J.: 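Sharing a structure below in structure tokens format, with a few things to ask.
Start at 1 with the first residue, then count along the sequence. In this text the structure is predicted, and so the values were computed from the model without any measurement.
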Amino acid sequence: MTVTPTIRVQHEDFDLQAEVDLLSKGKSGIGAVVTFSGLCRDEGGTLAALELEHYPGMAEAEMQRIGDLAIARFGLLGLTAIHRYGKIAAGENIVLVVAAAPHRQAAFDGANFVMDFLKTAAPFWKKEHARDGATGDWVTAKDADDAARDKWK
């Protein structure tokens, strides 16, 4: 059975439970479903929103490549990766990864692998918008994100 990841880049919010149900319904071989939902945090009350941009077409292609790698490497029975773009307020969803596998460790590893590569390889950019109305700079990549990705090599 060939497993193809569900990949979406969208402006609108997603429903975590609906995505889990869609991925797992009717698949009796699934023994574990792991979800990761990344939210826009308020940075101690100073951040109002993040503005997320992406490179259309290229972002989806890179997410597809990452998803295909995760399915092959961890034997996933299903994978959904959704990344939002636009201005996202503190507390709102940014990203969702749902990984389904026969066993929990493969589902956990698959979800972690996808997130580690989404943060470092997919063409998304974030700009901060402060509560006081100031527009911040584009957020730069963190060394910790690169280190998390590199552990999979």
J.: Are Ser37 and Val95 packed together at the side-chain level, in the sense that at least one heavy-atom pair is separated by less than 4.5 angstrom?
T.: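 Answer no - side chains too far apart.
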J.: Give me the atom names and distance for the closest heavy-atom approach of Leu79 to Gly67.
T.: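 For Leu79 versus Gly67, the nearest heavy atoms are CD2-CA, 3.4 Å.
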J.: Hey, any chance Ile7 and Leu118 share a hydrophobic cluster, counting ILVMFWY side chains that come within less than 4.5 Å of each other, even indirectly?
T.: yes
J.: Group every Ile, Leu, Val, Met, Phe, Trp and Tyr by side-chain heavy-atom contacts under 4.5 Å, then state whether Met115 and Ile82 land in the same group.
T.: no
J.: Going by side-chain contact (heavy atoms from CB on, under 4.5 Å), Ile71 matches just one of Leu77, Ile66, Thr4, Leu76. Which one?
T.: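 In the set Leu77, Ile66, Thr4, Leu76, the residue that makes a side-chain contact (heavy atoms from CB on, under 4.5 Å) with Ile71 is Leu76.
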J.: State which residues pass side chain to side chain contact (heavy atoms under 4.5 Å, CB included) with Glu92; sequence neighbours excluded, sorted by chain then number.
T.: Arg84, Ile88, Ala89
J.: Enumerate the residue pairs fulfilling salt bridge (Lys or Arg N to Asp or Glu O under 4.0 Å) with a member in residues 123-139, sequence neighbours excluded, ordered by first and then second residue.
T.: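 For residues 123-139: none.
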J.: By salt bridge (charged side-chain N to carboxylate O under 4.0 Å, His left out), which residues pair with Arg41, not counting sequence neighbours?
T.: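 If we apply the salt bridge (charged side-chain N to carboxylate O under 4.0 Å, His left out) test to Arg41, skipping adjacent residues, the hits are Glu43.
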J.: Could you tell me whether the side chain of Val34 reaches within less than 4.5 Å of the side chain of Val98, counting heavy atoms only?
T.: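 Heavy-atom side-chain distance check fails, nothing below 4.5 Å.
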J.: Which pairs of donor and acceptor atoms, one on a side chain in residues 12-30, lie under 3.5 Å apart (sequence neighbours left out)?
T.:
residue	atom	partner	partner atom	Å
Asp13	OD1	Asn93	ND2	2.9
Asp15	OD1	Gln17	N	3.0
Asp15	OD1	Ala18	N	3.0
Gln17	NE2	Asp21	OD1	2.8
Glu19	OE2	Arg8	NH2	2.6
Ser24	OG	Val20	O	2.8
Lys27	NZ	Leu23	O	3.1

J.: Which other residues belong to the hydrophobic cluster containing Leu39, where Ile, Leu, Val, Met, Phe, Trp and Tyr are joined when side-chain heavy atoms lie under 4.5 Å apart, directly or via other members?
T.: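 Cluster partners of Leu39: none, it stands alone.
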J.: Do Val97 and Val9 sit in the same hydrophobic cluster, where Ile, Leu, Val, Met, Phe, Trp and Tyr count as joined when their side-chain heavy atoms come under 4.5 Å apart?
T.: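 Result: yes, single cluster for both.
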J.: Does the side chain of Val114 come within less than 4.5 Å of Met63's, by heavy atoms?
T.: no
J.: With sequence neighbours left out, which residue pairs that include part of residues 79-103 fulfil the ring-ring contact (aromatic ring centres under 6.0 Å, His included) condition?
T.: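 Found His11-Tyr85, His54-Tyr85, His83-Phe124.
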J.: Closest heavy-atom contact between Thr135 and His129?
T.: OG1-ND1, 3.7 Å
J.: Can you name the residues that form a salt bridge (charged side-chain N to carboxylate O under 4.0 Å, His left out) with Glu62, not counting sequence neighbours?
T.: Arg65
J.: What distance separates Leu47 CG from Cys40 SG, expressed to the nearest 0.5 Å?
T.: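 So the gap between those two atoms works out to 5.0 Å.
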J.: For Asp146, what residues pass the salt bridge (charged side-chain N to carboxylate O under 4.0 Å, His left out) criterion, not counting sequence neighbours?
T.: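 Asp146 satisfies salt bridge (charged side-chain N to carboxylate O under 4.0 Å, His left out) with Arg149 only.
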J.: Applying salt bridge (Lys or Arg N to Asp or Glu O under 4.0 Å), which residue pairs with at least one partner in residues 109-118 are found, sequence neighbours left out?
T.: Asp116-Lys151
J.: In this structure, would Ile94 and Phe36 fall into the same cluster of hydrophobic residues linked by side-chain contacts under 4.5 Å?
T.: yes
J.: Residues in salt bridge (charged side-chain N to carboxylate O under 4.0 Å, His left out) with Asp150, at least two apart?
T.: Lys153
J.: Could you pull out the closest heavy-atom pair between Gly110 and Ala70, with the gap in Å?
T.: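 For Gly110 versus Ala70, the nearest heavy atoms are O-CB, 4.3 Å.
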J.: Working to the nearest 0.5 angstrom, can you tell me the gap between Trp152 CH2 and Phe113 CZ?
T.: 7.5 Å
